[in-house]
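Here is the structure we will look at, set down as structure tokens.
No experiment lies behind these values; they were computed from the predicted model shown. Residue numbers run from 1 in the order of the sequence given.
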Amino acid sequence: MSAPVRVVLDTNVVLSALVFRGGAAGLVRHAWQSGVIVPLVSAFTVQELVRVLAYPKFRLSKAEQEELLADFLPYAQTVRIAQPPPVVPECRDAMDLPFMQLAVAGQAQVLVSGDRDLLAIAAEFEQASTCPILSLDVFCQSLNP
């Protein structure tokens, strides 16, 4: 059995996998549950996930939010981000920087995101870090070649 792929999953990917469960996001959830991938998290990315799960539009009770986190966090590996954080390319949305910093600090093999700002700088980020940024669909194709 090969080592699990070290992956940074953007909040939108984790949220889709936890809340909606179907399609490509469901494949990613199964991949972390079966040990095919190991999601990398940092204090910032976990705080962001907790914040987003509490959005009123999802109508999740506190217990439901905790249950969803319990289906993700035990599978994740926490990475401590050094200060100052790793240098990464500039991005239009400052909220995306911690995901790129996590990918560098955690030596991720891929950053998976549906965020247009991140996908727009994918080539520049890969050149700087050797870590590709892939959309969810493209990443899932790599899981099932």
Side-chain angles (χ1 to χ4, degrees), residues 2-21 23-58 60 62 64-145:
S2 60
V5 178
R6 297 173 62 79
V7 179
V8 172
L9 302 172
D10 198 353
T11 304
N12 57 44
V13 173
V14 177
L15 185 68
S16 294
L18 291 173
V19 175
F20 305 114
R21 300 182 182 201
L27 290 175
V28 170
R29 186 178 189 171
H30 179 72
W32 79 57
Q33 290 173 333
S34 62
V36 173
I37 66 171
V38 59
L40 304 178
V41 296
S42 67
F44 175 89
T45 64
V46 171
Q47 290 169 357
E48 171 74 1
L49 179 59
V50 168
R51 184 179 68 82
V52 171
L53 282 171
Y55 282 176
K57 70 180 180 180
F58 297 121
L60 297 170
K62 193 71 171 158
E64 289 168 323
Q65 293 170 40
E66 290 171 3
E67 186 177 324
L68 292 174
L69 288 170
D71 195 22
F72 175 65
L73 293 178
Y75 299 99
Q77 179 182 342
T78 303
V79 175
R80 192 159 188 262
I81 309 298
Q83 293 302 320
V87 176
V88 295
E90 288 295 316
C91 186
R92 192 171 67 177
D93 183 354
M95 294 293 281
D96 293 331
L97 291 175
F99 292 92
M100 292 188 291
Q101 292 164 344
L102 172 58
V104 171
Q107 299 177 332
Q109 292 163 275
V110 63
L111 191 164
V112 182
S113 179
D115 186 293
R116 289 186 187 137
D117 291 331
L118 278 175
L119 293 169
I121 62 165
E124 182 182 358
F125 183 69
E126 185 171 5
Q127 185 174 21
S129 69
T130 71
C131 177
I133 299 175
L134 302 178
S135 69
L136 179 58
D137 290 335
V138 171
F139 177 67
C140 285
Q141 289 170 8
S142 74
L143 290 176
N144 295 319

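The two residues A128 and P89 come nearest to each other via the heavy atoms CB-CG, 4.3 Å. For the pair P85 and I81, the tightest heavy-atom approach, listed with the atom from each and the gap, is CB-CG2, 3.8 Å. What you find for V38 and Y75 is that their closest heavy atoms are CG2-O, 3.7 Å. In terms of heavy-atom proximity, D137 sits nearest to A24 at OD1-CB, 3.5 Å. The two residues L111 and F99 have their closest heavy-atom pair at CD1-O, 3.6 Å. Shortest non-hydrogen contact noted between R6 and G106 is NH2-O, 2.6 Å.
The shortest distance between side-chain heavy atoms of L118 and D93 does not fall below 4.5 Å. Looking at V112 and V28, their side chains never come closer than 4.5 Å, going by heavy atoms from C-beta outward. Looking only at side-chain heavy atoms (C-beta outward), V7 and P39 stay at 4.5 Å or farther from each other. Two residues are said to be in side-chain contact when any heavy atoms from C-beta on lie closer than 4.5 Å; F72 and V46 fail this criterion. At least one side-chain heavy atom of Q33 sits under 4.5 Å from a side-chain heavy atom of D71. C131 places none of its side-chain heavy atoms less than 4.5 Å from the side chain of V104. You'll find the side chain of V88 reaches within 4.5 Å of the side chain of F125, heavy atoms only. Taking 4.5 Å as the limit, every side-chain heavy atom of L136 sits out of range of all side-chain heavy atoms of N12.
For R80, the CZ atom counts as loosely surrounded, since its 6.0 Å shell holds 12 or fewer non-hydrogen atoms of other residues, nucleotides or ligands. Within 6.0 Å of the CD atom in E67, the count of heavy atoms belonging to other residues, nucleotides or ligands does not exceed 12.
To the nearest 0.5 Å, atoms CD (Q65) and CG (L49) are separated by 9.5 Å. Within the model, atoms CZ of R29 and CZ of F20 stand 12.0 Å from one another, a figure rounded to the nearest 0.5 Å. In this structure, CD in E66 is found 11.5 Å from CG in L60, a value given to the nearest 0.5 Å. Summarising the geometry, atom CG belonging to D96 is positioned 11.0 Å from atom CD belonging to Q101; distances are rounded to the nearest 0.5 Å. Taking OG1 from T78 and CG from L102, the interatomic distance works out to 9.5 Å, rounded to the nearest 0.5 Å. Here T11 contributes atom OG1 and D115 contributes atom CG; the two are 9.5 Å apart, rounded to the nearest 0.5 Å.
Using a distance-only test at 3.5 Å, with no hydrogens or angles considered, no donor-acceptor pair links the side chain of R92 to the main chain of D117. Formation of a donor-acceptor pair under 3.5 Å by the Q77 side chain with backbone atoms of L40 is not found in this model. The closest donor-acceptor contact from the side chain of T45 to the backbone of V41 lies at 3.5 Å or more, if one exists at all.
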Derivation of the side chain to side chain contact (heavy atoms under 4.5 Å, CB included) call for V13 and F139
CA-CA 11 Å; V13 173; F139 177 67; over 6 Å; no
